[in-house]
Amino acid sequence: MSAISFAKLKKRKCRKNNDYWNRTPQQVRGDTMTYQLTTLPSGLRVASEFLPGVESVAVAVSCGVGARYENEAENGISHLLEHMAFKGTKTRSARDIAEAFDNIGGQSNAYTSMDMTVYFAKVLKNDTRLAVDILGDIMLNSVFAEEELAREKDVVIQEIAMHFDTPDDLINDYFDETAFPAQPLGRSILSSEERVAAHTREDIMRYMDAHYRPPRMVLSAAGNIKHEEFVSLAEQYFDYPARPSGAAFERAHYKGGDSRIARDLEQLHLLIGLPAVSMHAPEYYTLQLYANILGGGMSSRLFQEVREQRGLAYTVYASGSAYEDCGLLSIYAAAAPEKASELSGVLCEEIAGMGKNISDTELLRAKNQQKAELLMAREAPQTVASWIGRHLLMYGEYRQVQDIAAKIDAVTKEDVLRLAGQLSAGKLTVAALGDVSGVLGYEELQKRLG
């Protein structure tokens, strides 16, 4: 975007666009429901959403288990298991799996979070059967060969080394460890080289057997998909026996505190945060709007004050993350060490300022951004397939776009101000990495929250 067009854009009034959101569910979805859900006798939920105008299908297997389900000895095993899933089954080698997707121009991958592990494939609509076949084979017939495990441990150890060399990623580990010490949410998803090296084939198989159970799994698809055909494929390739859902996670207990790690880096990396609300709390969408106003875009308070007005940092943003039992507000910034004192103070002062006043324009802008992001994300089948899995596992239902938009629109200025006061009263978590000598003291930062 040119400087001229951006200047014009900034002068435009923020207005509400009701063309999409005011339509009825029938107008949005068409004459028939595009989302359908079937539960197999095993407890596996099979869900799909037809997306018009696309020729592809994204298929996801969402498993309701992640790093927070691990005990201390198991730390890192969820992520290692995710890596091993593509390394061979009883009938397919790792190369067979890779070539099968490459031969049809498809894509496959997986990721591990604190509360979920997701395996997905994206293919053209005529190759949906193959995608479901391979994902089912991976879930039910992986062999975890010793030689493959040894190689993949080395790969993960290299990933850990790369993570350590990426300070804007690494700072999150120090932050989590300080916010949730000596508990699963405070441990790194990647774990350490020593723990990864110690995991055995039997450990992985035992962990998979304990947690990868149909009642805690969702097979979802989005794109050019017919639900009845998808269910038929699921019955054929995900032939699980019925089993109980398995173990639960350890509930989190926020502690907060101060962690400063001195390293020879060009920039200071600073992450500060406060305890927030869970994904099930009525204030969840209020938290997302709060974070957007504070540091969600180029017009946000943090971007304007920290970067545009003071020139303290190139990167600064706020985010609200939520789990089933807790949540966090976090603010990240990276700056030259000589800016550390002013930067750390301003971040806390901006948090305090959120409790004093929120303008109608700020709130409307945040709502429009949230809803636009929501709708734009639906243009990617893999995103929709992942949403379906996550919603069914976390909420027990797939939340439609219009329903989410209505919850966003229902948030008032008073709601945001009330939450701002609650957040500012919380105990601060501070994580600093680099030349930390200029960062204000913990008590001073806590004081500036008001």
Side-chain angles (χ1 to χ4, degrees), residues 28-65 82 85-86 89 97 100-111 113 116-141 212-240 374-401 404:
V28 174
R29 299 167 184 158
D31 294 332
T32 59
M33 288 286 288
T34 62
Y35 166 72
Q36 293 179 270
L37 170 66
T38 300
T39 302
L40 302 185
S42 64
L44 177 71
R45 283 164 285 183
V46 182
S48 70
E49 182 167 8
F50 174 79
L51 302 178
V54 299
E55 292 298 314
S56 63
V57 175
V59 181
V61 183
S62 302
C63 307
V65 59
E82 170 231 304
F86 290 95
T89 69
I97 294 171
F101 282 113
D102 286 350
N103 288 342
I104 59 172
Q107 305 165 8
S108 64
N109 213 329
Y111 65 85
S113 69
M116 289 181 63
T117 308
V118 180
Y119 305 82
F120 61 90
K122 185 179 180 183
V123 296
L124 295 178
K125 62 182 180 181
N126 291 335
D127 296 313
T128 303
R129 173 180 290 274
L130 180 62
V132 178
D133 177 4
I134 294 176
L135 290 174
D137 197 21
I138 285 171
M139 291 296 103
L140 288 160
N141 302 306
Y212 280 50
R213 298 191 175 190
R216 285 171 55 192
M217 299 171 67
V218 174
L219 176 64
S220 58
N224 199 323
I225 188 75
K226 295 180 179 178
H227 185 72
E228 296 79 9
E229 295 177 2
F230 187 51
V231 172
S232 178
L233 293 175
E235 292 171 336
Q236 181 177 352
Y237 296 113
F238 282 78
D239 187 21
Y240 277 102
L374 185 68
L375 199 56
M376 290 176 186
R378 286 183 51 79
E379 297 177 0
Q382 60 269 36
T383 301
V384 177
S386 295
W387 275 359
I388 293 171
R390 181 168 185 82
H391 285 196
L392 288 174
L393 287 171
M394 298 299 159
Y395 301 119
E397 64 178 358
Y398 177 39
R399 296 186 170 180
Q400 297 289 333
V401 171
I404 297 174

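Judged by distance alone, the side chain of S48 and the main-chain N or O of A221 form no donor-acceptor pair under 3.5 Å. R45 places a side-chain N or O within donor-acceptor distance of the main-chain N or O of P215, the cut-off being under 3.5 Å. A donor-acceptor pair under 3.5 Å is absent between the side-chain atoms of S232 and the main chain of E228, judged by distance alone.
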Donor-acceptor list for residues 52-60 side chains, cut-off 3.5 Å, not counting sequence neighbours:
unit_1 : atom_1 : unit_2 : atom_2 : d
E55    : OE1    : K125   : NZ     : 3.3

If you look only at distance, which donor and acceptor atoms sit under 3.5 Å apart when one is on a side chain in residues 389-396 and the other is two or more places apart or in another chain?
unit_1 : atom_1 : unit_2 : atom_2 : d
R390   : NH1    : D115   : OD1    : 3.3
R390   : NH2    : D115   : OD2    : 3.4
H391   : ND1    : R399   : N      : 3.1

Go through the steps to decide whether N109 and F120 satisfy the test side-chain contact (heavy atoms from CB on, under 4.5 Å), and finish with yes or no.
CA-CA 6 Å; N109 213 329; F120 61 90; 3.5 Å; yes
Would you sort out whether F230 and T38 count as a side-chain contact (heavy atoms from CB on, under 4.5 Å), showing the intermediate values?
CA-CA 10 Å; F230 187 51; T38 300; over 6 Å; no
Apply side-chain contact (heavy atoms from CB on, under 4.5 Å) to the pair Y111 and T117, showing each step before the final yes or no.
CA-CA 6 Å; Y111 65 85; T117 308; over 6 Å; no
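The shortest distance between side-chain heavy atoms of V132 and F238 falls below 4.5 Å. The closest side-chain heavy-atom distance from L130 to V123 is not below 4.5 Å.
Nearest heavy-atom pair, R378 versus W387, reported as atom, atom and distance to 0.1 Å: CG-CZ3, 3.5 Å.
Counting only N and O atoms by type, the side chains of R213 and Y240 include no donor and acceptor under 3.5 Å apart.
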